[in-house]
Amino acid sequence: MILCECGEFIRGETFKDYICTSANPSTATVGHEKCGLLFDFIDDKIPKKYSSKKELKSIAIKFAEIKNLDQSALEQFLIEVDRLKTLGTLSDYDLLMNAFGRL
């Protein structure tokens, strides 16, 4: 699962394209259909999103819906997201994965 810079989780809404990377001038990759962002998996140039607390809450709720968390797990998950956000060092994706791993 990829969290795009536009704030959406990419689940099958992709298109195929070719970009220039350090490995090859014509490397196959995928892009997000909604916003058109291309992902460079070869050179690890995947953009990282750093949202405000308010934006992050809505992204966290979308993530919880994808993972089918029940109400008590959702509450704990949101608390962990808040705790990790106060550190201010993690990207949104890393923050969500760490919070989910602590459940």
Side-chain angles (χ1 to χ4, degrees):
M1 183 180 336
I2 300 171
L3 177 61
C4 186
E5 275 187 7
C6 68
E8 298 287 325
F9 287 99
I10 301 174
R11 300 184 321 164
E13 305 113 3
T14 61
F15 62 90
K16 190 172 186 175
D17 203 352
Y18 295 89
I19 59 172
C20 182
T21 64
S22 61
N24 191 341
S26 183
T27 304
T29 190
V30 295
H32 187 203
E33 285 180 356
K34 182 177 179 183
C35 67
L37 182 71
L38 295 172
F39 299 99
D40 183 353
F41 298 109
I42 302 297
D43 296 328
D44 288 330
K45 292 183 181 174
I46 299 172
K48 296 187 182 234
K49 182 169 176 58
Y50 295 90
S51 300
S52 67
K53 274 192 169 187
K54 185 177 179 180
E55 291 174 320
L56 187 59
K57 288 279 187 182
S58 64
I59 293 171
I61 290 173
K62 289 178 194 174
F63 180 83
E65 288 173 355
I66 291 169
K67 295 295 187 180
N68 296 321
L69 296 181
D70 61 17
Q71 188 64 31
S72 63
L74 173 62
E75 291 171 5
Q76 186 63 33
F77 177 67
L78 292 175
I79 290 169
E80 289 297 325
V81 167
D82 271 345
R83 285 182 188 158
L84 292 171
K85 181 64 178 175
T86 59
L87 298 176
T89 58
L90 299 173
S91 69
D92 291 355
Y93 182 78
D94 294 333
L95 195 142
L96 293 173
M97 289 298 130
N98 285 335
F100 185 70
R102 291 183 179 192
L103 292 181

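- Leu103 contributes atom CG, which lies 9.5 Å from atom OG of Ser72 (distance to the nearest 0.5 angstrom).
- With contacts defined as side-chain heavy-atom distances shorter than 4.5 Å, the pair Phe39/Thr14 does not qualify.
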Dump the intermediate steps for side chain to side chain contact (heavy atoms under 4.5 Å, CB included) on Glu8 and Lys62, then the final yes or no. CA-CA 9 Å; Glu8 298 287 325; Lys62 289 178 194 174; 3.3 Å; yes
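- The side chain to side chain donor-acceptor pair (under 3.5 Å) test applied to Asp17 returns no partner, not counting sequence neighbours.
- In this structure, Lys34 and Cys4 have side chains that are not in contact, with every pair of non-hydrogen atoms separated by 4.5 Å or more.
- By the neighbour-count criterion of 12 heavy atoms within 6.0 Å, atom CZ of Phe15 is densely surrounded, having more than that number from other residues, nucleotides or ligands.
- Residues Ile61 and Phe77 are not in side-chain contact: their nearest non-hydrogen atoms beyond the backbone lie 4.5 Å or more apart.
- In terms of heavy atoms, Ser22 sits closest to Ile42 at OG-CG2, 4.4 Å.
- In the hydrophobic clustering of this structure, Tyr50 does not group with Ile10; members are Ile, Leu, Val, Met, Phe, Trp, Tyr whose side-chain heavy atoms approach within less than 4.5 Å, directly or through other members.
- One hydrophobic cluster, built from ILVMFWY side chains closer than 4.5 Å, cannot hold both Leu37 and Tyr18; they sit in different ones.
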Applying side chain to side chain contact (heavy atoms under 4.5 Å, CB included), run through Phe9 and Ile59 and close with a yes or a no. CA-CA 9 Å; Phe9 287 99; Ile59 293 171; 3.9 Å; yes
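- Separation of atoms CG (Leu90) and CG (Leu96) is listed at 10.0 Å; rounding is to 0.5 Å.
- The side-chain contact (heavy atoms from CB on, under 4.5 Å) test with Lys48 singles out one residue from Asp92, Asp94, Leu3, and that residue is Asp94.
- Tracing side-chain contacts under 4.5 Å through hydrophobic residues (I, L, V, M, F, W, Y), one never reaches Leu69 starting from Ile79; they form parts of separate clusters.
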Between Thr27 and Phe41, is the side chain to side chain contact (heavy atoms under 4.5 Å, CB included) condition met? List the steps. CA-CA 10 Å; Thr27 304; Phe41 298 109; over 6 Å; no
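- Thr21 and Asp43 are not linked by any side-chain donor-acceptor pair at a separation below 3.5 angstrom, with hydrogens and angles left out of the test.
- The salt bridge (Lys or Arg N to Asp or Glu O under 4.0 Å) search around Lys49 returns none, not counting sequence neighbours.
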Could you pull out all donor-acceptor pairs under 3.5 Å where a side-chain atom in residues 81-88 meets a protein atom, sequence neighbours excluded?
{"residue": "Asp82", "atom": "OD1", "partner": "Lys57", "partner atom": "NZ", "Å": "3.2"}
{"residue": "Asp82", "atom": "OD2", "partner": "Lys57", "partner atom": "NZ", "Å": "2.8"}
{"residue": "Arg83", "atom": "NH1", "partner": "Glu80", "partner atom": "OE2", "Å": "2.9"}
{"residue": "Lys85", "atom": "NZ", "partner": "Ser51", "partner atom": "O", "Å": "2.5"}
{"residue": "Thr86", "atom": "OG1", "partner": "Arg83", "partner atom": "O", "Å": "2.5"}

